[in-house]
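Convention: sequence-line order gives letters A, B, ...; per-chain numbering from 1.
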Amino acid sequence: MPYDFANIEQKWQERWNESHCFESHTDPSKEKFFCLEMFPYPSGALHMGHIRNYSIGDVLARFLRKNGKNVLYTIGFDSFGMPAENAAIKYKTRPHDWTLSNIAYMTEQLKRMGYSYDWRREAITCLPEYYKWNQWIFLQMYKKGIVFQKEAPVNWCSTCGTVLANEQVVEGGCWRCGTPVTKKNLKQWFIKITDYAQELLDDIEKDLGGWPRRVRIMQTNWIGRSEGARLSFKIPELNYELEAFTTRFDTVYGITFIALAPEHELVKRMKDSMNAEDAQKLSEFVSLVSSQSSIERSDAGAEKLGFKTPFYGIHPVTGKKIPIWIANYILIDYGTGAIMGVPAHDQRDFDFCRKYDIPIIPVINPSDGTVLDGSTMTHAFEEDGIVCNSENFNGMKTSDAIKAMIDWGEKENICKREVNFKLRDWLISRQRYWGTPIPFVYCDKCGVVPVPEDQLPVRLPEDVEVKEVGHSPLLDLPEFLNTTCPHCGGPARREADTMDTFFCSSWYFDRYCSPGDDKAPFEKSDVDYWMPVDQYIGGIEHACLHLIYARFFAKFLTDIGLTKYREPFTRLLTQGMVIKDGAKMSKSLGNTVDPTEMVKKYGADTIRLFILFAAPPNNDLEWSDRNVEGAHRFLNRVWRYVEENAEALKAHGDKIIPMNAIKDSKLRELKRKIHTTIRDVTHDIYDEKQFNTAIARLMELVNAVYALNDSSADSWTLKREAVDVLLNCLSPFCPHITEELWQMLGHQNMLCLEAWPSADDESLVKDSVTIVAQINGKVRGKFERPAGMEKSELERSIMSEKMIQDRLMGHEVVKVITVPDKLVNIVIKG
RNA sequence: GCCGGGCUGGUGGAAUGGUAGACACACGGGACUUAAAAUCCCGAGGGCGUAAAGUCCGUGAGGGUUCAAAUCCCUCGUCCGGCACCA
């Protein structure tokens with residue numbers, strides 16, 4: 001008869017709830033541990049990826065609690081966002097209702113899994129008591145001068161009907177729906193995350209040692225620092241000084257053209273100074289380029305298009321006239337939106353020049369003595385080499401030349417050292433309804449005016465009908481739009497755009513520290529105590545999104561004195577995907593497994609055990625119904641042993657026999673097994689976060705207990721010790737069944753409050769060890785020897801074994817390597 | 001193209017310089033049973049060998065360092081991931 005998991009799990013969930021045992025309190029006298037999981041979007045139901053994420057977190061939270069830490073562990077819902085609007089249209093409901101009912105359902109699912117959350121701390125971002133503080137923080141950023149509006153070509157997704165931040169464009173498409181992103185000129189709200197680019201970069205090295213290397217590299221690439229110089233070209237005809245950024249100032253003598261992005265401000269000036277016919281051609285070129293999607297335009301393999309203007313810039317070093325082109329491959333938002341074209345040493349410029357027949361002048365030759373010829377080169381020479389065709393600098397090595405030439409250029413006022421970042425300012429506006437209203441109003445008299453803090457929150461009207469994708473119902477709500485100017489009291493209009501939902505998720509962990517605070521986003525003393533997060537767990541897909549934004553928030557909040565930590569997440573664990581039939585589980589592939597059904601069939605403990613045992617957390621995990629059965633079978637095996645032997649085990653629970661009082665070798669072996677299990681499981685959970693091997697050790701302990709067929713009193717006492725340790729160590733993984741069996745054995749206290757066992761050194765000592773005998777590195781025999789034998793004695797003892805003697809016959813022993821308690825390797829000749 | 005991470009039995013995976021394959025799944029055998037399921041026990045990398053003994057091979061391929069390499073180094077293959085016209 002399999003154990004009755006349904007009733008047992010419900011029983012213990014009720015007990016935990018009634019006893020408030022997972023509620024934590026700010027208490028500086030205790031050592032804290034903040035265990036955080038990426039909170040879910042309430043899409044309707046939990047999927048296996050969530051179950052995996054939260055099962056990992058719960059093991060750590062329960063383990064650390066048992067180890068005396070004051071653990072903060074809770075959950076919330078990242079509940080603003082577009083799917084609610086789409087669902088509202090599809091199901092003829094309101095985003096608000098759809099979202100809250102999803103939250104209710106998913107909360108039930110989470111509770112059914114037995115996660116040890118402090119539910120009082122839950123944060124739901126779509127409620128005014130949360131998003132009020134989004135608005136408040138946004139205003140603090142505005143006060144600090146890092147929030148601004150600008151009109152710029154921004155990423156536009158036509159399917160979602162909204163703009164996107166740079167981080168939300170994946171391979172030229174929208175991160176949610178994949179629609180190719182186009183550029184659109186719009187006036188939008190931005191946050192100057194670029195002010196923090198250097199610090200975001202520096203702190204990766206300095207403080208993120210507890211993060212996977214992969215994520216650190218991804219962020220480093222994303223921030224994309226490059227060092228170089230800024231130089232300028234005078235354009236006498238237009239009375240303009242055109243600036244360009246380069247990382248290769250050493251190739252400055254190789255400039256044969258200048259290229260501008262079609263969006264560059266100079267383009268308009270040029271048109272004004274051109275004859276009507278040419279100006280018309282230029283306009284046509286610019287609109288051709290702007291009609292290209294960002295994939296067509298900015299993919300590495302995309303065709304380069306150019307337009308030759310009648311203007312020239314003056315080379316800052318040689319004074320020569322350099323023709324100015326407009327080219328589709330120049331990006332307006334990197335550097336200055338203009339480049340010095342050096343076709344001999346830049347493949348893009350090379351391709352462009354070959355196409356438009358622009359001269360190519362090599363100024364670096366390969367170190368092997370080859371002399372390049374611009375007319376016959378087949379590709380750009382981008383490696384380091386020796387400078388040529390560059391007057392005084394000829395003969396220098398590239399690495400020296402870059403430095404020397406910039407030094408010289410700075411002295412001569414030709415260039416200026418500069419650092420550029422790939423990271424762009426964070427575009428925060430969204431043309432959506434279901435998000436945090438941006439707390440600004442537009443007044444004809446006073447302009448753009450922030451909503452005063454005492455008037456927050458700017459409430460999002462909930463009783464609306466979303467009619468079509470991409471059209472915010474706020475635009476049809478005069479009672480929302482029409483307001484009075486906080487400045488002059490005259491009529492004004494509210495900002496109808498809402499915030500990127502990544503704003504909500506950039507500080508929710510601070511809110512967890514001070515739930516329900518209505519005076520501030522959080523209480524400083526709470527956050528000072530709990531933050532930073534000691535262990536963060538979530539998917540790798542947020543490496544360059546949420547994890548950058550949240551780091552930026554941390555630095556900003558510290559700068560305005562609200563917090564004192566500069567990095568929010570000390571350690572990060574990125575769990576792999578849950579795979580079925582070789583592909584990521586997804587609705588569109590129809591290969592999902594419903595957690596609720598699985599829990600109904602096997603119980604939460606089984607699902608948790610399976611998902612933690614099947615693979616180490618950072619690997620992808622292949623779903624296997626058979627292995628779920630296997631996990632279930634193991635729990636039944638544990639249950640059966642304890643239940644069938646409950647009387648004997650109970651009768652022997654009043655003492656622990658120390659190792660030195662045990663004579664029988666089988667019993668000594670079990671005693672040792674108990675303590676090596678404690679040692680290894682502790683190490684695997686805390687140091688390695690390798691739960692699959694921790695569970696394997698517990699399975700071994702169960703096998704060892706089953707294997708001991710000895711009904712002496714000492715044997716039962718030991719088996720009782722083994723079972724107590726087993727239940728305690730298994731409880732973070734499978735909390736319900738272990739509580740029930742713990743109680744069955746007569747324990748009064750709840751197991752979740754019981755201290756983690758500690759391994760007793762004396763019980764870890766081995767009586768005898770297997771010594772591997774090798775000859776020339778090959779295993780030739782294994783011999784039992786007492787542990788701790790002295791090196792020379794061990795060597796003598798193994799060498800004198802008949803089997804070894806036979807093999808040494810007729811050979812010369814060259815040398816013997818002995819590793820105490822492990823092996824003897826005899827090196828022979830002949 | 002650049003950067004990073006993998007590659008170990010039929011399968012998921014152990015082992016981070018010292019007995020390769022822990023633990024589990026699947027499989028085979030046995031016990032129990034009228035039978036089956038469940039359970040308990042046993043076996044198992046591959047080759048040669050009836051078997052035992054033995055012996056050889058074996059961690060993507062090849063080379064190197066070492067008494068000793070899945071583990072360290074070099075070259076290559078392959079798969080996955082990230083970035084990619086960022087001047």
Side-chain angles (χ1 to χ4, degrees), chain A residues 1-2 170-172 212-222 224-226 228 244-248 251 259 261 297-304 327-331 333-342 345-349 351-352 382 420-424 540-541 543-544 576-577 579 609-610 613-616 618-631 633-634 636-637 640 644 680 690 692-700 702-703 706-707 709 770-782 814-819 821-828:
Chain A
M1 252 275 279
V170 179
E171 284 172 14
R213 197 149 76 107
R214 206 172 143 204
V215 178
R216 290 184 313 195
I217 289 168
M218 284 166 77
Q219 290 212 351
T220 304
N221 291 341
W222 189 260
R225 183 182 201 272
S226 53
F245 172 74
T246 180
T247 54
R248 292 295 303 272
T251 64
R297 173 146 170 215
S298 68
D299 195 70
E303 196 192 1
K304 293 183 175 40
N328 67 339
Y329 74 99
I330 310 304
L331 306 171
D333 51 2
Y334 185 76
T336 63
I339 60 140
M340 61 177 222
V342 183
H345 307 290
D346 183 295
Q347 191 59 41
R348 297 157 298 177
D349 295 347
D351 295 342
F352 188 72
E382 294 181 323
N420 257 291
F421 293 94
K422 196 172 83 89
L423 183 75
R424 306 293 153 82
I540 186 114
E541 64 274 15
C544 292
M577 294 184 296
I579 301 279
L609 184 69
F610 160 74
F613 180 61
N618 32 357
N619 281 26
D620 284 348
L621 182 152
E622 172 80 30
W623 184 269
S624 155
D625 289 332
R626 287 204 188 274
N627 288 341
V628 175
E629 300 261 4
R633 203 177 306 148
F634 170 73
N636 273 304
R637 188 168 153 88
R640 206 176 307 117
E644 284 172 3
D680 295 346
Q690 181 134 302
N692 56 331
T693 50
I695 293 165
R697 295 291 91 80
L698 293 170
M699 288 173 167
E700 285 177 35
V702 172
N703 292 343
Y706 265 89
N709 282 313
T770 306
I771 304 295
V772 175
Q774 297 183 330
I775 293 175
N776 286 345
K778 291 196 173 179
V779 179
R780 293 303 181 194
K782 295 170 189 179
V814 180
K815 102 187 195 190
V816 181
I817 286 101
T818 304
V819 182
D821 286 349
K822 273 203 177 133
L823 95 165
V824 175
N825 186 12
I826 306 158
V827 185
I828 59 173

Enquirer: Which nucleotide wins on minimum distance to the side chain of A/V819, given the candidates B/rU19, B/rA87, B/rG18?
Expert: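 It is B/rG18.
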Enquirer: Just the rounded figure in Å: distance from C1' of B/rG18 to CG of A/L823.
Expert: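 So the two atoms are 5 Å apart, to the nearest Å.
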Enquirer: Distances under 3.5 Å only, N/O to N/O: pair up the protein atoms with those of nucleotides 66-69 of chain B.
Expert:
| from | atom 1 | to | atom 2 | distance (Å) |
| --- | --- | --- | --- | --- |
| B/rC67 | OP1 | A/K815 | NZ | 3.3 |
| B/rC67 | O2' | A/N825 | ND2 | 3.2 |
| B/rC67 | O2 | A/N825 | ND2 | 2.6 |

Enquirer: Any side-chain N or O of A/K304 less than 4.0 Å from the OP1 or OP2 oxygen of B/rA87?
Expert: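 False: A/K304 side-chain N/O out of range (4.0 Å or more) of B/rA87 OP1/OP2.
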Enquirer: Test of understanding: with ring pair (Phe, Tyr, Trp, His ring centres under 6.0 Å), list the residues that count as partners of A/F610, not counting sequence neighbours.
Expert: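 Checked A/F610 against ring pair (Phe, Tyr, Trp, His ring centres under 6.0 Å); matches are A/W623.
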Enquirer: Specify the separation, in whole Å, of atom CG of A/L609 and atom P of B/rC23.
Expert: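 The answer, rounded to whole Å, is 16 Å.
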Enquirer: If we ignore hydrogens and angles and just use 3.5 Å, is the side chain of A/N636 paired with the main-chain N or O of A/P2 as donor and acceptor?
Expert: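 Here the side-chain-to-backbone pair does not exist.
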Enquirer: Would you mind reporting whether A/R248 and A/D346 have side-chain heavy atoms less than 4.5 Å apart?
Expert: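 SC-SC contact between A/D346 and A/R248 ruled out.
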Enquirer: Would you write the dot-bracket representation of RNA chain B, where each base gets (, ), [, ], | or . depending on whether it forms a Watson-Crick or G-U pair under 3.5 Å and with which partner?
Expert: (((((((..(((.....[....))).(((((.......))))).((((.....))))..(((((..]....))))))))))))....
Enquirer: Could you pick out which residue, A/E700 or A/E629, lies toward the 5' side of RNA chain B when each is mapped onto its nearest nucleotide?
Expert: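 Going by which nucleotide is closer to the 5' end, it is A/E700.
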Enquirer: Between C1' on B/rC85 and CG on A/N328, what's the gap in Å once rounded to a whole number?
Expert: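 Nearest whole value for this atom pair: 9 Å.
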Enquirer: Check the distance between B/rA84's P and A/I217's CD1 and give it to me in whole angstrom.
Expert: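 Computing the A/I217:CD1 to B/rA84:P distance gives 16 Å.
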Enquirer: Could you state the atom-to-atom distance from CD1 of A/I540 to P of B/rG81 in whole Å?
Expert: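 A/I540 atom CD1 is separated from B/rG81 atom P by 12 Å.
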Enquirer: I need a per-nucleotide contact map over nucleotides 8-15 of chain B, read 5' to 3'. Cutoff is protein heavy atoms under 4.0 Å; write B for the base, S for backbone only, - otherwise.
Expert: ----SSSS
Enquirer: Base, sugar-phosphate or nothing for A/I330? Non-hydrogen atoms, less than 4.0 Å.
Expert: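 Base contact.
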Enquirer: Go through the structure and list residues passing side chain to side chain contact (heavy atoms under 4.5 Å, CB included) with A/T247, not counting sequence neighbours.
Expert: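 A/T247 satisfies side chain to side chain contact (heavy atoms under 4.5 Å, CB included) with A/S226, A/F245 only.
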Enquirer: Could you run down the sub-3.5 Å N/O contacts of the protein with nucleotides 47-49 of chain B?
Expert:
none

Enquirer: Considering only atom P, compute the distance from B/rA26 to B/rU78 and round it to an integer number of Å.
Expert: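 After rounding to an integer number of Å, I get 36 Å for this pair.
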Enquirer: Rounded at 0.5 Å granularity, tell me how far NZ in A/K422 sits from CH2 in A/W222.
Expert: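 One gets 4.5 Å once the value is rounded to the nearest 0.5 Å.
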Enquirer: Listed by chain and number, what are the salt bridge (Lys or Arg N to Asp or Glu O under 4.0 Å) partners of A/E541, not counting sequence neighbours?
Expert: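 With neighbours one apart ignored, the set is empty.
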Enquirer: Collect all protein-nucleotide pairs involving nucleotides 40-44 of chain B in which both atoms are nitrogen or oxygen and the distance is under 3.5 Å.
Expert:
| from | atom 1 | to | atom 2 | distance (Å) |
| --- | --- | --- | --- | --- |
| B/rC40 | OP1 | A/R637 | NH1 | 2.7 |
| B/rC40 | OP1 | A/R640 | NH1 | 3.1 |

Enquirer: Using whole Å, what does the distance between atom C1' of nucleotide B/rC2 and atom CE of A/M218 come to?
Expert: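 These atoms are roughly 15 Å apart.
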Enquirer: Test of understanding: with side chain to side chain contact (heavy atoms under 4.5 Å, CB included), list the residues that count as partners of A/T336, not counting sequence neighbours.
Expert: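 Result, side chain to side chain contact (heavy atoms under 4.5 Å, CB included) vs A/T336: A/R230, A/E243, A/A244, A/A338.
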Enquirer: Using a 4.0 Å heavy-atom cut-off across all strands, classify A/K822 as base, sugar-phosphate, or nothing.
Expert: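 If one applies the 4.0 Å heavy-atom cut-off, A/K822 turns out to touch the sugar-phosphate alone, with no base involved.
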Enquirer: Decide yes or no, distance alone: a donor-acceptor N/O pair under 3.5 angstrom between the base of B/rC83 and the side-chain of A/K422.
Expert: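 By the distance-only test, no, there is no pair.
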Enquirer: Could you walk me through whether A/E629 and A/D625 satisfy the side chain to side chain contact (heavy atoms under 4.5 Å, CB included) test, starting with their C-alpha distance in whole Å, then the side-chain angles of each, then the deciding distance to 0.1 Å, before giving a yes or no?
Expert: CA-CA 6 Å; A/E629 300 261 4; A/D625 289 332; 5.6 Å; no
Enquirer: Locate the shortest heavy-atom distance separating A/I828 from A/V814; write the atom from each residue and the value.
Expert: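 Shortest heavy-atom contact: C-CG2, 4.1 Å.
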Enquirer: For A/R697 versus A/D680, what's the shortest heavy-atom pair and its separation?
Expert: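 Between these two residues, the closest heavy atoms are CD-OD2, 3.8 Å.
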Enquirer: Taking only residues two or more places apart in sequence or in another chain, which ones pass side chain to side chain contact (heavy atoms under 4.5 Å, CB included) with A/N328?
Expert: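 A/N328: side chain to side chain contact (heavy atoms under 4.5 Å, CB included) contacts with A/V289, A/Q292, A/R297, A/K304, A/L305.
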Enquirer: With A/R225, which residues qualify under salt bridge (Lys or Arg N to Asp or Glu O under 4.0 Å), at least two apart?
Expert: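 Partners of A/R225 by the salt bridge (Lys or Arg N to Asp or Glu O under 4.0 Å) criterion, ordered by chain and then number, come out as A/E227.
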Enquirer: What residues form a ring pair (Phe, Tyr, Trp, His ring centres under 6.0 Å) with A/Y329, not counting sequence neighbours?
Expert: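 If we apply the ring pair (Phe, Tyr, Trp, His ring centres under 6.0 Å) test to A/Y329, skipping adjacent residues, the hits are A/F352.
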Enquirer: What's the closest nucleotide to the A/Y334 side chain, out of B/rA87, B/rC85, B/rC23?
Expert: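 Closest nucleotide to the A/Y334 side chain: B/rA87.
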Enquirer: Would you tell me if any nitrogen or oxygen in the side chain of A/R626 comes within less than 4.0 Å of OP1 or OP2 on B/rA26?
Expert: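 For A/R626, the contact criterion (side-chain N or O under 4.0 Å from OP1 or OP2 of B/rA26) is met.
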